[in-house]
2 protein chains.
Amino acid sequence: MAVEMTPSQALGLWHAVSLEQVRAESNDLSLRQMAILLHIYLVPPPHTVRALAATLGVTKPVITRALDSMGALGLVDRVRDEKDRRNVVIKRTLKGALYLERLGDRIIDRGRQLPV
Amino acid sequence: MAVEMTPSQALGLWHAVSLEQVRAESNDLSLRQMAILLHIYLVPPPHTVRALAATLGVTKPVITRALDSMGALGLVDRVRDEKDRRNVVIKRTLKGALYLERLGDRIIDRGRQLPV
DNA sequence: CGAGATCGTTACGCAAGCGTTTCGATCGTG
DNA sequence: CACGATCGAAACGCTTGCGTAACGATCTCG
């Protein structure tokens with residue numbers, strides 16, 4: 001069963017969640033960082049820099065920098081691939097999982113509160 | 001009737017829309033800018049810099065700068081309030097409405113394609 | 001074994017956003 | 001009419017992210 005919304009509900013949902021996200025989390029991930037984080041946690045591993053860059057349609061340094069900053073926040077981790085030591089495998093963390101769990105809760109809450 | 005979602009659907013929706021937004025729009029609004037834009041278009045006017053700052057929980061220069069950059073993109077407009085010339089009233093534009101219409105379409109489409 | 005391809009990272013110069021502080025313009029009120 | 005309050009914007013120094021172009025490390029394969 002898919003999620004059905006009217007245009008007003010769709011934008012209202014985005015509005016309410018964005019607003020609460022801005023107010024609640026001071027660390028303010030960019031849209032790109034958010035897309036990367038969600039991709040890492042929702043798509044089956046393994047994840048590499050190159051594959052993420054291709055998926056997002058951006059250059060590799062963008063991914064490297066995003067992993068730098070999100071790694072500093074403890075949201076993701078990097079491990080060298082021992083099978084092919086050129087690769088870096090991106091790992092999930094407990095903190096990252098909790099961060100996305102909070103986001104998911106906000107989306108569900110706000111969705112529930114939307115008018116018809 | 002509210003919008004009901006499972007945790008997996010909520011994050012899946014955010015993931016799919018963020019990903020498509022990154023790939024489609026090169027101009028990459030920040031989360032704050034997006035929240036401001038949605039607020040201007042979804043909440044009844046008038047909107048002022050000060051009120052927006054209070055709503056978002058940020059300082060006034062943040063709003064000024066966001067309006068600068070989104071104004072340069074044609075997504076919003078600024079008009080001096082003739083009743084109280086200290087105020088600036090933020091106006092919607094056709095381009096901004098179309099931008100959000102595209103976003104709304106993406107949200108609806110991705111919501112529809114979500115698995116159970 | 002060695003030349004070329006591929007991996008992620010780093011270096012570089014630049015643009016954009018931040019928070020704090022200050023500013024000019026305008027209003028309200030005594 | 002003048003003084004204090006309030007509005008949004010500008011100035012300042014700083015941090016972060018960008019795209020392009022390189023780089024060292026590692027793998028592949030003739």
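Below, chains carry the letters A, B, ... as their sequence lines are ordered, and counting in each starts from 1.
Applying the 3.5 Å distance criterion, the base of C:dG28 shares no donor-acceptor pair with the side chain of B:R86. Looking at A:R65, its side chain comes within 3.5 Å of the base of D:dG19 through a donor and an acceptor atom.
The side-chain heavy atoms of B:Q21 and B:M34, taken from C-beta on, include a pair separated by under 4.5 Å.
The main-chain N or O of A:L75 is found under 3.5 Å from a side-chain atom of A:T93 such that the two form a donor-acceptor pair. Not a single donor-acceptor pair under 3.5 Å links the side chain of B:Y41 to the backbone N or O of B:I36.
Atom P of nucleotide D:dG8 and atom CZ of B:R85 are separated by 14 Å, given to the nearest angstrom. When the C1' atom of C:dG17 is taken as reference, atom NZ of B:K60 falls 18 Å away, rounded to whole Å. C:dG28 atom P lies 10 Å from atom CG of B:N87, rounded to whole Å. Taking atom NE2 of residue A:H47 and atom P of nucleotide C:dC7, one finds them 17 Å apart after rounding to whole Å. When the P atom of D:dG8 is taken as reference, atom CD1 of B:I63 falls 10 Å away, rounded to whole Å. Taking atom CZ on A:R32 and atom P on C:dG17, their separation rounds to 13 Å, with Å as the unit. Rounded to whole Å, atom C1' of C:dG8 lies 15 Å from atom CD of A:E82. The separation between A:L67 atom CG and C:dC7 atom C1' is 14 Å, rounded to whole Å.
OP1 or OP2 of D:dG19 has at least one side-chain nitrogen or oxygen of A:T59 nearer than 4.0 Å. Taking only side-chain nitrogens and oxygens, B:T48 never comes nearer than 4.0 Å to OP1 or OP2 of D:dC7. Between C:dA16 and B:Q33, no contact under 4.0 Å exists linking OP1 or OP2 to a side-chain N or O. Contact annotation: B:R50 side-chain N/O to D:dA9 OP1/OP2 distance is not under 4.0 Å. For A:R80 and D:dA25, the shortest distance from a side-chain N or O to OP1 or OP2 is not below 4.0 Å. Contact check, A:S69 against D:dG17: a side-chain N or O comes under 4.0 Å of OP1 or OP2.
Comment: A:D81 does not engage A:K83 in a salt bridge, judged by the lack of any side-chain N to carboxylate O separation of less than 4.0 angstrom.
For B:V49, whose side chain is taken as the heavy atoms from C-beta onward, the closest listed nucleotide among C:dG8, D:dA21, D:dG8 is D:dG8.
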Query raised in the report: When you look at A:H15 and B:H39, which way does the side-chain hydrogen bond (donor to acceptor under 3.5 Å, both in side chains) test go after all the steps?
Result: CA-CA 7 Å; A:H15 173 224; B:H39 199 80; 3.0 Å; yes

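Both B:A51 and A:D81 sit near DNA chain D, but only B:A51 has its closest nucleotide nearer the 5' end.
When heavy atoms are screened at a 4.0 angstrom cut-off, B:V62 is found touching the sugar-phosphate backbone but no base atom.
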